[in-house]
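Everything below concerns the one structure shown next.
Remember, it's a predicted structure, so these values are computed and weren't measured experimentally.
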Amino acid sequence: MKRNIVIAVVTAAALVGGGTATALAVSGDDDDASTPVTRTDDDRDDRDDRDDRSDDEGDDDGDRAAAPGDVTAADAIAAALKHTPGTAVSAERDDAVWEVDVLGTGDTWHSVRVDPDTGKVLGSSEDDEDDAAEVRGALKGASVTAEGAAKAAAAKGTVVSVDLDDDGDDRGWEAETRASGGDERDWKVALTTASVTADRDDD
């Protein structure tokens, strides 16, 4: 009879609380008597905790510096120069990272790697090249930087590379863009006016 009462109490607690009920028999002074004690675990508390965690995770996503792939050539150059001061001479995007070449003091070159999703600098390496004087000579009197050239060429499509052409008299920035359909085009950006024209060598 007592067993039936315990079962009834447990069942009622489970239905009312919407959770799991556990019955414990607590012995008193009388060895033949036991008092049923019911403990109810409410799953709703667990659901509320999960909802709170989901809200927090959503807030974290909103704090991201940039959505995947949003870091442009100009952004990558700016990030590289903030990390490694100097003169940016080229920027190229491959499948995993932006590579920005920065001419520092003297003949020192830096290759700075920038994450294309976040704009964070992943690292840099240093090298000495003998063409620093030639590059400085080509940029003498120029008012358009690599970052400026990237911004100017962005009107033609997504810029995937910018590089200084310091050969001959027709010096300027060379930019490669990719259209939404995947077509790639080469452009020339003037060193003093930022005007963008189709590269004559582009077939």
Inset, instruction - Side-chain contact test, heavy atoms from C-beta onward, threshold under 4.5 Å: evaluate it for L81 versus V102 and give yes or no. - result: yes
Legend entry - Heavy-atom check, side chain of V71 versus side chain of W98, under 4.5 Å: yes
Legend entry - With sequence neighbours excluded, residues passing salt bridge (charged side-chain N to carboxylate O under 4.0 Å, His left out) with E147: K151
Legend entry - Between CD1 on residue I77 and OG1 on residue T87, distance to nearest 0.5 Å: 12.0 Å
Legend entry - Spatial distance of atom CG (D199) from atom CG (D170) [nearest 0.5 Å]: 8.5 Å
Legend entry - Within 6.0 angstrom of R113 CZ, more than 12 heavy atoms from elsewhere: yes
Legend entry - Listed partners of T108 passing side-chain contact (heavy atoms from CB on, under 4.5 Å), at least two apart: H110, E126, D128
Inset, instruction - State, to 0.1 Å, how close A73 and V159 come at their nearest heavy-atom pair, and which atoms those are. - result: CB-CG1, 3.8 Å
Inset, instruction - Dump the intermediate steps for side-chain contact (heavy atoms from CB on, under 4.5 Å) on E176 and E184, then the final yes or no. - result: CA-CA 7 Å; E176 182 179 355; E184 295 181 351; 2.6 Å; yes
Compile the donor-acceptor pairs under 3.5 Å between side chains in residues 133-140 and protein atoms, sequence neighbours left out, one pair per line.
{"residue": "R136", "atom": "NH2", "partner": "G104", "partner atom": "O", "Å": "2.7"}
{"residue": "R136", "atom": "NH2", "partner": "G106", "partner atom": "O", "Å": "2.8"}

Legend entry - Minimum side-chain heavy-atom gap D117-D70 below 4.5 Å: no
Legend entry - Distance-minimising heavy-atom pair for V114 and A76: CG2-O, 3.8 Å
Legend entry - Pairs meeting criterion side-chain hydrogen bond (donor to acceptor under 3.5 Å, both in side chains) with involvement of residues 74-83, two or more places apart: T72-D75
Inset, instruction - State the CD-CD distance between E99 and E92, to the nearest 0.5 angstrom. - result: 8.0 Å
Legend entry - Atom of A150, atom of V162 and distance for their closest heavy-atom approach: CB-CG2, 3.8 Å
Legend entry - Distance in Å, L103 CG paired with L164 CG, rounded so as to fall on 0.5 Å steps: 10.5 Å
Inset, instruction - Output every pair passing side-chain hydrogen bond (donor to acceptor under 3.5 Å, both in side chains) with a member in residues 156-167, not counting sequence neighbours, ordered by first then second residue. - result: D165-K188
Inset, instruction - Using only heavy-atom distances, determine whether the side chains of W187 and T197 contain a donor-acceptor pair under 3.5 Å. - result: no
Inset, instruction - Each residue besides L122 in its hydrophobic cluster should be listed here, by chain and number; the cluster joins Ile, Leu, Val, Met, Phe, Trp and Tyr at side-chain heavy-atom distances under 4.5 Å. - result: V97
Inset, instruction - Locate the shortest heavy-atom distance separating W173 from A88; write the atom from each residue and the value. - result: CH2-O, 3.6 Å
